[in-house]
Number of protein chains: 2
Amino acid sequence: MNEIEKFFALKDVRVTAMRLLIYKFLADKQVAVTLSDIENAFEKADRTTLYRTIKTFEDKAIVHQIDDGTGITKYALCEKGCNCEIEADLHLHFHCNNCNETICLTEHKIPQIKVPNGFVSEDINLVVKGICDKCSGL
Amino acid sequence: MNEIEKFFALKDVRVTAMRLLIYKFLADKQVAVTLSDIENAFEKADRTTLYRTIKTFEDKAIVHQIDDGTGITKYALCEKGCNCEIEADLHLHFHCNNCNETICLTEHKIPQIKVPNGFVSEDINLVVKGICDKCSGL
DNA sequence: AAAGTGATGCAATGGAAGTGCATTTATAAT
DNA sequence: ATTATAAATGCACTTCCATTGCATCACTTT
């Protein structure tokens, strides 16, 4: 039983070949991916399986969903320091307008946001768009 | 030539009956609306016309697009104090998980966000989700 | 009035999300 | 080990929203 399998057990997720492959795929990527990205990487697998696998991962807090404003949902592994459930721990995401990639800036926490009286804040989504380090050449 | 027509002229947008109606519809609403909302309000009009009208408004900085994470694009009039082009002037949006409405909090500016070296910030999208004042009963 | 440009309507397409059902595979019980 | 049970997978659809091409209509300009 390797590391990933132990992790799955811990997260109460059954180990299957497909799930291991998808997990490894996500782990290799440094950026958030769309369902289509995964689909292209595993041509043999059915889209529904990939879809449901990601949903399972989401339910079990293995990946988190990112809405970067492109209209297409992206996913990324929850890493050390990413505790998705806790609001104070939400990190921000950066979307590059050039290469179209979305990156989790795990170290960058979202600042305290004040909302008007009567409003109750439960969740915050912050996406910064611009040019990423690879594209800016800085 | 009334106020709205003058405004259209200023924005370099031709005045048509449909555009006036859509503008008035948006002005009446205090919340961001989807294309379908507009469609339902104007059953007689074609969806494409509404779609293109909104696109025109967007191009001419009459409305701005909001991505509140519901997966459906919403639109709201750019009001006084909403200068969409200028980053420092970006306001935040509040999405109510109860009534599903999205509101522009025009007075609430987005705080300065620091990004890592090499990253260039061009645009920021900040959506706070929770319960709005009408639903919270506070 | 004629010509030209923009606005509108109709039809159709494409992409992504989501669901129902049958089948296979894995886990648990005997 | 064999059977019973439950979950995972694959296939076929469906739905919803966004978007485009093309023909037509309206308006502006000369």
Side-chain angles (χ1 to χ4, degrees), chain A residues 1-2 4-6 8-26 32-60 62-76 95 100 102, chain B residues 1 4-6 8-25 32-60 62-76 95 100 102:
Chain A
M1 202 172 183
N2 67 33
I4 303 178
E5 292 182 14
K6 276 184 214 158
F8 276 18
L10 187 76
K11 291 285 192 176
D12 193 29
V13 169
R14 283 200 184 176
V15 177
T16 71
M18 200 67 242
R19 286 178 177 176
L20 288 172
L21 285 173
I22 295 176
Y23 184 87
K24 281 174 195 157
F25 175 74
L26 290 168
V33 301
T34 65
L35 244 204
S36 296
D37 290 337
I38 305 176
E39 211 180 335
N40 293 332
F42 302 99
E43 304 246 331
K44 277 174 272 179
D46 188 77
R47 215 180 54 77
T48 313
T49 304
L50 304 175
Y51 173 72
R52 285 200 255 242
T53 299
I54 284 291
K55 284 290 173 205
T56 303
F57 282 0
E58 226 188 313
D59 286 348
K60 304 298 184 177
I62 293 175
V63 306
H64 64 267
Q65 196 172 330
I66 301 162
D67 170 25
D68 64 6
T70 54
I72 303 163
T73 307
K74 296 190 177 176
Y75 305 90
H95 176 75
N100 211 35
T102 299
Chain B
M1 203 173 183
I4 303 177
E5 293 181 14
K6 276 184 214 158
F8 276 17
L10 187 75
K11 290 286 191 174
D12 193 30
V13 169
R14 281 203 185 176
V15 177
T16 71
M18 201 67 243
R19 288 178 177 177
L20 288 172
L21 286 173
I22 295 176
Y23 184 88
K24 281 175 194 157
F25 175 74
V33 301
T34 66
L35 241 205
S36 296
D37 291 337
I38 305 176
E39 211 180 338
N40 293 334
F42 302 100
E43 305 245 331
K44 278 173 274 181
D46 186 77
R47 186 185 163 77
T48 313
T49 304
L50 304 175
Y51 173 73
R52 285 201 254 242
T53 299
I54 285 289
K55 284 290 173 205
T56 302
F57 282 180
E58 227 188 313
D59 284 348
K60 304 297 185 178
I62 292 174
V63 306
H64 63 267
Q65 196 172 328
I66 301 162
D67 170 25
D68 63 6
T70 56
I72 303 163
T73 307
K74 295 189 179 178
Y75 305 91
H95 177 74
N100 211 35
T102 299

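In this text, all values refer to a predicted model and were calculated from it rather than measured experimentally. Convention: sequence-line order gives letters A, B, ...; per-chain numbering from 1.
- Nucleic acid contact for B/T73: sugar-phosphate only, since backbone atoms but no base atoms lie under 4.0 Å from a heavy atom of the residue.
- In this structure a side-chain-to-backbone donor-acceptor pair under 3.5 Å is missing from B/S36 to B/E39.
- Of the candidate nucleotides C/dA17, D/dG10, D/dC17, D/dC17 has the atom lying nearest to any side-chain atom of B/I72.
- Between A/L50 and A/T53, every side-chain heavy-atom pair lies at or beyond the 4.5 Å cut-off.
- Between B/K74 and B/L35, the closest side-chain pair of non-hydrogen atoms is not below 4.5 Å.
- The distance between atom CZ of A/F8 and atom P of C/dT27, rounded to the nearest whole Å, is 13 Å.
- Using a 4.0 Å cut-off, some side-chain N or O of B/K55 falls inside it from OP1 or OP2 of D/dT19.
- Side-chain nitrogen and oxygen atoms of B/R19 include at least one within less than 4.0 Å of the OP1 or OP2 phosphate oxygen of C/dA7.
- Interatomic distance, CG of B/D59 versus CD1 of B/I62, reported as 10.0 Å (0.5 Å rounding).
- One finds no side-chain N or O of B/Y51 lying less than 4.0 angstrom from the OP1 or OP2 phosphate oxygen of D/dA18.
- Residue A/A45 is the one, among B/G71 and A/A45, whose nearest nucleotide of DNA chain D lies closer to the 5' end (criterion: closest heavy atom).
- Rounding to whole angstrom units, CZ of residue A/R14 and P of C/dT24 are separated by 18 Å.
- Between the side chain of B/R52 and the base of C/dG6, no donor-acceptor pair of N or O atoms lies under 3.5 Å.
- Using a 4.0 Å heavy-atom distance criterion, A/T48 is classed as a base contact.
- Within the 4.0 angstrom heavy-atom criterion, only backbone atoms of the sugar-phosphate kind lie near A/T53; the bases stay farther away.
- At whole-Å resolution of the value, CZ in B/F42 and P in C/dA7 are 18 Å apart.
- Side-chain N or O atoms of B/D37 include one that pairs as donor or acceptor with a backbone N or O of B/T34 at under 3.5 Å.
- Under the 4.5 Å side-chain criterion, counting only non-hydrogen atoms from C-beta, A/F57 is in contact with A/I22.
- Computed from coordinates, the B/K60 NZ to C/dA7 P distance equals 9 Å when rounded to whole Å.
- Regarding contacts with the backbone of D/dA26, every side-chain N or O of B/T16 stays at 4.0 angstrom or more from both OP1 and OP2.
- A close approach under 4.0 Å does not occur between any side-chain nitrogen or oxygen of B/T49 and OP1 or OP2 of C/dA7.
- Between B/R47 and D/dA18 there is a side-chain polar atom (N or O) within less than 4.0 angstrom of OP1 or OP2.
- As rounded to whole Å, 16 Å separates atom C1' of C/dA17 from atom CG of A/D37.
- When the P atom of D/dC25 is taken as reference, atom CE of B/M18 falls 19 Å away, rounded to whole Å.
- Residue B/S36 has no polar side-chain atom (N or O) positioned under 4.0 Å from OP1 or OP2 of D/dC16.
- The nearest whole Å value for the distance from the CD1 atom in A/I54 to the P atom in C/dA16 is 15 Å.
- Between A/D46 atom CG and C/dG18 atom C1' there is a gap of 13 Å when expressed in whole angstrom units.
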